[in-house]
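By convention in this document, chain letters (A, B, ...) are assigned in the order of the sequence lines, proteins followed by strands, and residues within each chain are numbered from 1.
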Amino acid sequence: MLVNRKLILAHFWLAFAVFGLALTLGAWQMFIRSPIGTWLSNPELYYRSLTAHGTVMGYVFPTLVAMSFGYAISESALEQRLVGVRWAWAGFWLIVAGSIMAVIPIALGRASVLYTFYPPLIGNVFYYLGVVLVVVGSWIWVALMSVNLRVWRKAHPGAPVPLAMFANVAGSYLWAWTAVGAALELLLQIIPVAAGLKATIDAGLARVFFSWTLHAIVYFWLMPTYIAYYTIVPRAIGGRVYSDSMARISFILFLVVAMPIGMHHTFADPQVGAGFKFIHSAFTALVALPTLLTVFTICASVEIAARLRGGCGMFGWIRALPWDNPMMLALAFSFVMLGFGGAGGLINMSYQLDASIHNTQWITGHFHLIFGGAIVIMYFAIAYDLWPHLTGRELIDVRLIRTQLWLWFVGMIVTTFPWHWVGILGMPRRMAYFDFGDPAIAPQALSVTLSAIGGFILLASGIMFIVILARGMRAPQVDAGPYRFALAVHQPATVPVALNTHALWVALMIALTLTNYGYPILTLALSEGTSVPAVYVGAQ
Amino acid sequence: MSTRDLFTFRNRHFTVGVGVIAGMLIVTIVAGFIVLPFAQPWVQFANVWDAICSAAGVPQRAATVTAPEQTRRLSEVVLTSRTLSRPSQEAIGRGATLAQRCAICHGPTGISRADSPNLAGQYAAVIYKELHDFRSGARTNAVMSPFAVNLTDQEIADISNYYAYLPRLPAYHPTPQLPKPNIVIYGAPMRGIAPCGACHGSLDNKTGSPWLEGQSEVYLKAQLQAFAAGERRNDISQQMRNIARAMTPQEIEQAAAYYASQPPDVVKAVD
């Protein structure tokens, strides 16, 4: 029962519009940094573009996708009209206002600080206020998801919460808490300096605050993808979810251990003690667990579909899968990229191994493969799956959809594999220019060129995606029926309270944040003489 | 079942969930704060508490290390956002009077005929910093140091504002414009050299960096050589020394000749 289709479509369209812009900037960056582009001779333009690309892709695009998908889940999984539609629109407009407010200083070159802020670099205060508005807008969504679940619970006391909604609310709680780190950094540290109330900033503390947000935000981006794995893919390919409990446990584990691991981003930072780095490293290893559970459960679910279609034998069933189904294709691509990206992630989280790739292009390759690849390809799949239900029109270009998914997959591999490689060779990240004429890095020119070509393949795929959706708005009308989620092999009749509510796991998440972040933040905040003068971007 | 039944040890999920997480935490704490510190044979700890404090990153003062003594004076200029903001007409007038003594080398309109820097329209922060450095001895010059030694803070600020106020004029002996050499456009990334314009005004201006267009070729070359040789040392954190040291003599000549041939109107304006 999708009632507020306009609300959901507005979020999706805004998400994909800004995605298209940021993707174009990304391809341009790949090009001018590569040997095939002529250097602009102005690094500031590069960093301006990079800030816009990161801000949109990191904060605006995935947040809007999570919100629209969340509203769709709330209405269709709970089969109840969305409570608080006005608030939802208010959240949407806050994000629009915040995005515009942030983009103007970026475009003027007044906020080229990259989306990770990097204090003591300080940009125009409106850039940060814009980001804050985007986050506040998304917090309205968090509250609405919680309220809607509560309303449903009252009407259905003791009933198992549908898996999609359980996971959706877990994702929203994760976001609410993980955004607090960056919010503290912005409100207590950066905005006072950007507004001219202070002239110095504790960059080390700011980095610790940001690491609180920066890793778990990836799992917030990941949530819609995992929800799609569990609740859309099996239904779309004619199978069933292998285990409803396993799915719930995976989402619970994400909620608990995605949070207190961010300091593996600060392995090279002197202001954090080695003991805390070790704890965060160990907990990062733990976060592989829900992913492994998911890979197992989804493979089992897919096997059920294959065997229902007549597949047999140890591996023979793989051939029986509906490979012409875009959802099947997206899932397979997503898993391959998740596999490679996850393996790379194991290197990043190891204290010692990280030293060989820290701050190199390996990292850029890694997070593009995981986020741009494994996660975003499922965002496409979600949009394709929901579109007929939102527009009441059929998506007829199935062949084009398959081509688009193939191009995205190939483009992402061509982009990120050479990126990883030059990272191992030591190429630093966040550089606007490389002198490939220098014999020391001339051999890397080929890899970087390949990577840039991958960027253009991605751009082509992104344009196709938007064209397919736009054409879907004008296709013949069709009754898509109610939007449904996958059923489990054993649909739960009752669920233990711990697997049906979030309180225990949210409590554990907060407790682990206190144990893993409390001391480092307190000592840094209370230490004297740890601040440095701010460096104002574009100031004289 | 309500949430009251959730947070109780009778609930197996609660016991297992909390137990496993607490167990993990304890194991990682013991490993990270006690076992691993002692596993490093090259670090000596007095006792377990010492190891824990070290692993936790407790700020410690290194008692035995004293800061190396500075044999030469370093730049001590402090510039806040208010130091040079919105100069009054009187301040600029006072600066003009004071600047008469500068005119013999720097020219009556701030354009030098004597291979001294052109000051007309230079960023105020630059003149402010250099005069302070000449006064404190962080930068020395047989001609400039005696001029600067008796200036007050207010006088330095006034002179800086006066020269920043003057219009930027072409150099006294303009030469035909030269094409940009690579060292100016690209810097040399492999040697850690940024494009000159990233600080010196044509792309961006970093506080304290002068614009260079139309300055004397002889002067520019001499300064780069002085930075490279370590004779001039008033650049903060060795910014210019690191760059000049990594430049080849040929690049120094190219950069100096290029900047001397440029008109000063391409420089980024002061806010």
Max heavy-atom pair count under 4.5 Å with chain A, selected residue of B:G57, B:G17, B:G32: B:G32
Check: B:F33 ring centre within less than 6.0 Å of A:F276 ring centre: yes
Enclosure of B:Q250 CD (heavy-atom neighbours >12, cutoff 6.0 Å): no
Among the listed options A:L508, A:V257, A:L499, the residue most often paired with chain B at heavy-atom distances under 4.5 Å: A:L508
Toward chain B, the part of A:I252 with a non-hydrogen atom under 4.5 Å: neither
From OG1 (A:T501) to CG (B:D5), nearest 0.5 Å: 10.5 Å
Within 6.0 angstrom of A:F434 CZ, more than 12 heavy atoms from elsewhere: yes
Aromatic plane relationship, A:Y433 with B:Y186 - under 30° parallel, 30 to 60° tilted, over 60° perpendicular: parallel
A:L504 and B:V18, any side-chain heavy atoms less than 4.5 Å apart: yes
Straight-line distance of B:T28 OG1 to A:N516 CG, nearest 0.5 Å: 7.0 Å
Contacting region of B:A51 [heavy-atom separation from chain A under 4.5 Å]: neither
Distance in Å, B:K206 NZ paired with A:Y536 OH, rounded so as to fall on 0.5 Å steps: 15.5 Å
Contacting moiety of A:A432, where chain B heavy atoms sit under 4.5 Å: neither
Enclosure of A:R430 CZ (heavy-atom neighbours >12, cutoff 6.0 Å): yes
Residues forming a ring-ring contact (aromatic ring centres under 6.0 Å, His included) with B:Y128, sequence neighbours excluded: B:H132
Option that, when pairs with chain B are counted at under 4.5 Å, heavy atom only, ranks first among A:I279, A:D435, A:T515: A:I279
Largest heavy-atom contact set with chain B, pairs under 4.5 Å, which of A:V272, A:V256, A:L512, A:T523: A:L512
Which of A:G275, A:A511, A:P260 touches chain B most, by non-hydrogen pairs under 4.5 Å: A:G275
Contacting region of A:L524 [heavy-atom separation from chain B under 4.5 Å]: neither
Toward chain B, the part of A:Y519 with a non-hydrogen atom under 4.5 Å: side chain
A:D438, part contacting chain B, at a heavy-atom distance under 4.5 Å: side chain
Structural part of B:I29 lying under 4.5 Å from a heavy atom of chain A: both
Heavy-atom closest contact (B:M24 atom, A:F283 atom, distance): CB-CZ, 4.1 Å
Derivation and outcome, side chain to side chain contact (heavy atoms under 4.5 Å, CB included), residues A:V535 and B:T207: CA-CA 9 Å; A:V535 178; B:T207 307; over 6 Å; no
Part of B:V27 within contact of chain A (heavy atom distance under 4.5 Å): neither
